There are 2 protein chains.
Amino acid sequence: MFSIQQISDRLLEKDIKPSFQRIKIYDFLLKNNIHPNIEMIYNNLTKDIPTLSKTTIYNTLKNFEEKGLIISVNIDEKEIRYDARLITHGHFKCVKCGEIYDFDYNHDKLKIKGLPDFEIKKTDLNIKGVCPKCK
Amino acid sequence: MFSIQQISDRLLEKDIKPSFQRIKIYDFLLKNNIHPNIEMIYNNLTKDIPTLSKTTIYNTLKNFEEKGLIISVNIDEKEIRYDARLITHGHFKCVKCGEIYDFDYNHDKLKIKGLPDFEIKKTDLNIKGVCPKCK
DNA sequence: AACATAATTGTAATGATTACAAATTTAAAT
DNA sequence: ATTTAAATTTGTAATCATTACAATTATGTT
Ligand SMILES: [Mn+2]
Ligand SMILES: [Mn+2]
Ligand SMILES: [Zn+2]
Ligand SMILES: [Zn+2]
């Protein structure tokens with residue numbers, strides 16, 4: 001899927017030194033498109049890295065986002081979820097099972113009115129509802 | 001602006017008994033389109049209602065949202081903001097001053113792809129950036 | 001090796017939200 | 001009007017994600 005070399009290179013592209021923990025965390029995000037929260041990342045990686053600290057995950061993800069390597073998804077009021085998929089897309093959260101789904105939308109046709117002279121840094125389209133599995 | 005009678009009626013329309021606290025909280029949201037958090041509401045209303053409890057505000061806002069009287073705005077990772085404006089609109093949060101601005105967009109032209117059989121309950125368009133005042 | 005710098009870790013603090021039970025208010029019944 | 005029941009409000013304690021901070025460990029350089 002993704003070699004350690006590939007992952008290291010992508011980290012370096014964003015001026016992030018490819019430490020063992022950073023590689024593992026980014027690798028997890030790339031391989032699991034589940035928009036995990038800190039807990040999910042921790043529980044999965046702690047098998048391989050028993051010494052891993054949650055603080056490291058928090059710091060790493062903040063660093064990743066600042067450098068533009070990943071995005072944070074704030075569709076959940078309770079916790080921040082993370083996503084390594086950088087192509088513009090929206091997020092759907094099922095209020096029953098809590099799962100977060102990706103979806104595409106016609107972002108190029110989106111017309112924002114009334115924000116002249118506003119500098120836009122991030123646009124999020126978040127939808128809540130019930131997924132087919134839960135209906 | 002809004003008479004107590006008008007506010008009571010709108011609460012009753014949504015099957016919410018117009019208690020003194022509920023009227024005051026809804027009145028505050030109607031008169032102050034600032035997307036306040038709990039703290040802002042508490043600090044403002046506690047002048048008039050010294051006995052007001054934050055728990056009441058939490059319960060009331062949850063009740064309001066469930067009944068469809070207001071919406072919650074989750075653009076802020078830290079806290080929930082509240083809005084009595086029910087017309088479809090987006091929210092812009094300035095990352096410098098923290099202020100949240102309303103904006104309109106062509107919601108009717110928005111095409112969601114890849115969510116067949118998903119039941120949509122709430123659509124949020126959230127933008128982050130820097131407002132003119134902070135540039 | 002000795003030193004400086006960066007990264008990681010563990011623990012404590014923060015702060016918004018929720019749980020819960022007691023107190024108060026409101027409405028209904030007698 | 002008094003009593004009773006139900007709804008609402010309140011205060012306090014608990015929860016839980018996130019952050020602050022200092023100590024430890026790893027990495028790189030002379
Ligand atoms: Mn995604
Ligand atoms: Mn608004
Ligand atoms: Zn579901
Ligand atoms: Zn601003």
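In what follows, chains are A, B, ... by sequence order, proteins preceding strands, each numbered from 1. Model, not experiment: these values are computed from the prediction.
The neighbour count for B:Lys96 NZ, taken as heavy atoms of other residues, nucleotides or ligands under 6.0 Å away, does not exceed 12.
Taking 4.0 angstrom as the limit, B:Lys78 places a side-chain polar atom (N or O) nearer than this to OP1 or OP2 of D:dT19.
Distance B:Asp76 CG to C:dA16 P: 10 Å, rounded to the nearest Å. Rounded to a whole Å, the CG atom of A:Leu61 is 14 Å from the C1' atom of C:dT8. Rounded to an integer number of Å, the gap from B:Leu11 CG to C:dT26 C1' is 16 Å. In this structure, NZ of A:Lys62 is placed 16 Å from C1' of C:dA7, rounded to the nearest angstrom. Residue A:Tyr58 contributes atom OH, which lies 7 Å from atom P of D:dT19 at whole-angstrom precision. Between A:Ile80 atom CD1 and D:dT19 atom C1' there is a gap of 11 Å when expressed in whole angstrom units. The separation between A:Glu79 atom CD and D:dT15 atom P is 18 Å, rounded to whole Å. Rounded to an integer number of Å, the gap from A:Arg81 CZ to D:dT18 C1' is 16 Å.
In this structure a side-chain-to-backbone donor-acceptor pair under 3.5 Å is missing from B:Asp27 to B:Ile23. Between the A:Asn59 side chain and the A:Thr55 main chain, a donor and an acceptor come within less than 3.5 Å of each other. Side-chain N or O atoms of A:Asn32 include none that pairs as donor or acceptor with a backbone N or O of A:Ile34 at under 3.5 Å.
The aromatic rings of A:Tyr101 and B:Phe118 stand perpendicular to each other, their planes meeting at an angle above 60°, with 30° marking the opposite boundary.
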What string of B, S and - do you get for nucleotides 7-14 of chain D, 5' to 3', if B is base contact, S is sugar-phosphate-only contact and - is no contact with any protein heavy atom under 4.0 Å? SSSBBB--

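Note: A:Ile4 CD1 to A:Tyr26 OH = 14.5 Å, rounded to the nearest 0.5 Å.
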